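The residues of the chain are indexed from 1 along the displayed sequence. Given the structure is predicted, the values throughout are model-derived calculations rather than measurements.
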Amino acid sequence: MPSSTVTLEIAATAARLVVEEGLEYGPAKQRALKLLGKRGLQVASRKAELPDNDLLEAEVRSYLALFCAETQPGELAALRRVALHWMERLAEFRPYATGAVWRGTATRLNDVHLQLYCDDSKSAEIALLGTGVPYDVGSVRGPQGRTVDVLSLAERSVALGETVTVHLSILDHDDLRGALKPDAQGRAQRGDAAALRRLMETEA
């Protein structure tokens, strides 16, 4: 079904927020809805017209191509190098890159998101302790609605000249099979170190 004019306007506004402020898709949609509501949209009656993630991603790519074509590829490459560095350090835990860094829409405002598929959920944290790198522990809703731990650390990027936040979601090894299923467009939703290297070589 074709997207309505309102949905397209929300998507375009949300895309700007994703790129310019580094918001995740969910918060960007809600913020766009509020901003447009202040400009006259009846917010309460428009929630059903929120764009899906595929439409929002298409708008993000269009915005990047129009306004960030000179800077975004280099910033993405720098973030992917940070991701690959940690994927190599934590290779025993089957790391997969996901989110904007994997999909190719990340800028310097985005964090790096990695998923670790562990036989023992505490083993990755023990290994991270062994590196001596400080980290924080949080949680997110994971597969099947379960709460999973997220270890967040800071990594200095020389290319960006600033610190990048890396989030490590700790998942069960059994979750990996479902994680490798493509999305509705047939695209991989995450990739291992070898897949990320191929992307980096292709886009270099």
Side-chain angles (χ1 to χ4, degrees), residues 1-69 71-73 75-76 79-80 83 96-115 138-150 152 164-171 175-191 195-196 199 203:
M1 179 180 297
S3 301
S4 71
T5 301
V6 172
T7 299
L8 291 172
E9 190 171 1
I10 294 171
T13 302
R16 177 177 58 80
L17 294 170
V18 168
V19 176
E20 294 186 357
E21 299 187 20
L23 294 185
E24 299 292 337
Y25 282 13
K29 293 177 190 179
Q30 295 301 323
R31 175 91 173 277
L33 199 60
K34 291 180 181 179
L35 289 173
L36 292 172
K38 292 178 181 178
R39 288 166 45 190
L41 280 180
Q42 296 299 314
V43 174
S45 65
R46 299 298 187 183
K47 290 184 179 180
E49 297 187 76
L50 285 175
D52 61 23
N53 286 347
D54 288 337
L55 176 57
L56 179 50
E57 182 172 306
E59 288 293 323
V60 167
R61 292 184 186 280
S62 295
Y63 191 96
L64 290 171
L66 186 60
F67 296 106
C68 309
T71 58
Q72 190 267 342
E75 294 174 1
L76 172 63
L79 291 172
R80 283 177 167 173
Y96 279 73
T98 189
V101 170
W102 167 249
R103 298 295 281 260
T105 58
T107 71
R108 64 172 59 239
L109 297 179
N110 290 107
D111 295 341
V112 171
H113 291 271
L114 304 179
Q115 296 176 337
S139 62
V140 296
R141 187 175 298 276
Q144 288 80 52
R146 301 192 310 269
T147 299
V148 301
D149 288 339
V150 179
S152 300
V164 175
T165 301
V166 180
H167 302 289
L168 308 171
S169 297
I170 311 301
L171 301 167
D175 293 326
L176 183 55
R177 179 178 300 178
L180 297 180
K181 293 179 180 179
D183 65 14
Q185 307 299 318
R187 300 171 299 190
Q189 301 180 71
R190 52 192 54 76
L196 186 60
L199 280 180
E203 297 173 5

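Here the side chain of Trp102 pairs no donor or acceptor atom with the backbone of Tyr96 at under 3.5 angstrom. Using modelled atom types, one side-chain atom of Gln72 and one backbone atom of Gly104 make a donor-acceptor pair closer than 3.5 Å. A donor-acceptor pair under 3.5 Å is formed between the side chain of Gln189 and the backbone N or O of Lys181.
Between Thr105 and Val18 there is no side-chain heavy-atom pair separated by less than 4.5 Å. Leu114 has its side chain within reach of Leu168: a pair of non-hydrogen atoms, C-beta onward, lies under 4.5 Å apart. Residues Arg16 and Leu35 have side chains in contact (heavy-atom distance under 4.5 Å, counting atoms from C-beta outward). Counting only heavy atoms from C-beta outward, the side chains of Asp54 and Arg187 approach each other to under 4.5 Å.
Applying the ring-ring contact (aromatic ring centres under 6.0 Å, His included) criterion to Tyr63, with sequence neighbours excluded, gives Phe67. For Asp175, the side-chain hydrogen bond (donor to acceptor under 3.5 Å, both in side chains) criterion is met by Arg146, not counting sequence neighbours.
In this structure, Leu76 and Ala106 approach most closely via the heavy-atom pair CB-O, 3.8 Å. Nearest heavy-atom pair across Ala15 and Leu56 is N-CD1, 3.5 Å. Scanning all heavy atoms of the two residues, the minimum distance from Val150 to Ser169 falls at CG2-OG, 3.7 Å. Across Thr147 and Ser139, no two heavy atoms sit closer than the pair CG2-CB, 3.6 Å. Considering all non-hydrogen atoms of both residues, Arg80 and Leu199 come closest at NH2-CD1, 3.7 Å. The two residues Ala32 and Leu17 have their closest heavy-atom pair at N-CD1, 3.8 Å.
For the residue pair Gln115 and Thr98, no side-chain donor N or O sits within less than 3.5 Å of a side-chain acceptor on the partner.
Here OG1 of Thr13 is found 14.5 Å from NZ of Lys34. Values are rounded to the nearest 0.5 Å. Atoms CD and OG1, from Glu20 and Thr107 in turn, are 10.0 Å apart once rounded to the nearest 0.5 Å. Atom CG of Asn110 is separated from atom OG1 of Thr165 by 11.0 Å, given to the nearest 0.5 angstrom. Atoms SG and CZ, on Cys68 and Arg61 in that order, are 13.5 Å from each other to the nearest 0.5 Å.
Here salt bridge (charged side-chain N to carboxylate O under 4.0 Å, His left out) pairs that include residues 24-33, with residues two or more places apart or in two chains, are Glu21-Arg31.
Each of Leu8, Thr5, Thr7, Leu33 was scored for a side-chain contact (heavy atoms from CB on, under 4.5 Å) with Glu49, with one residue passing: Thr7.
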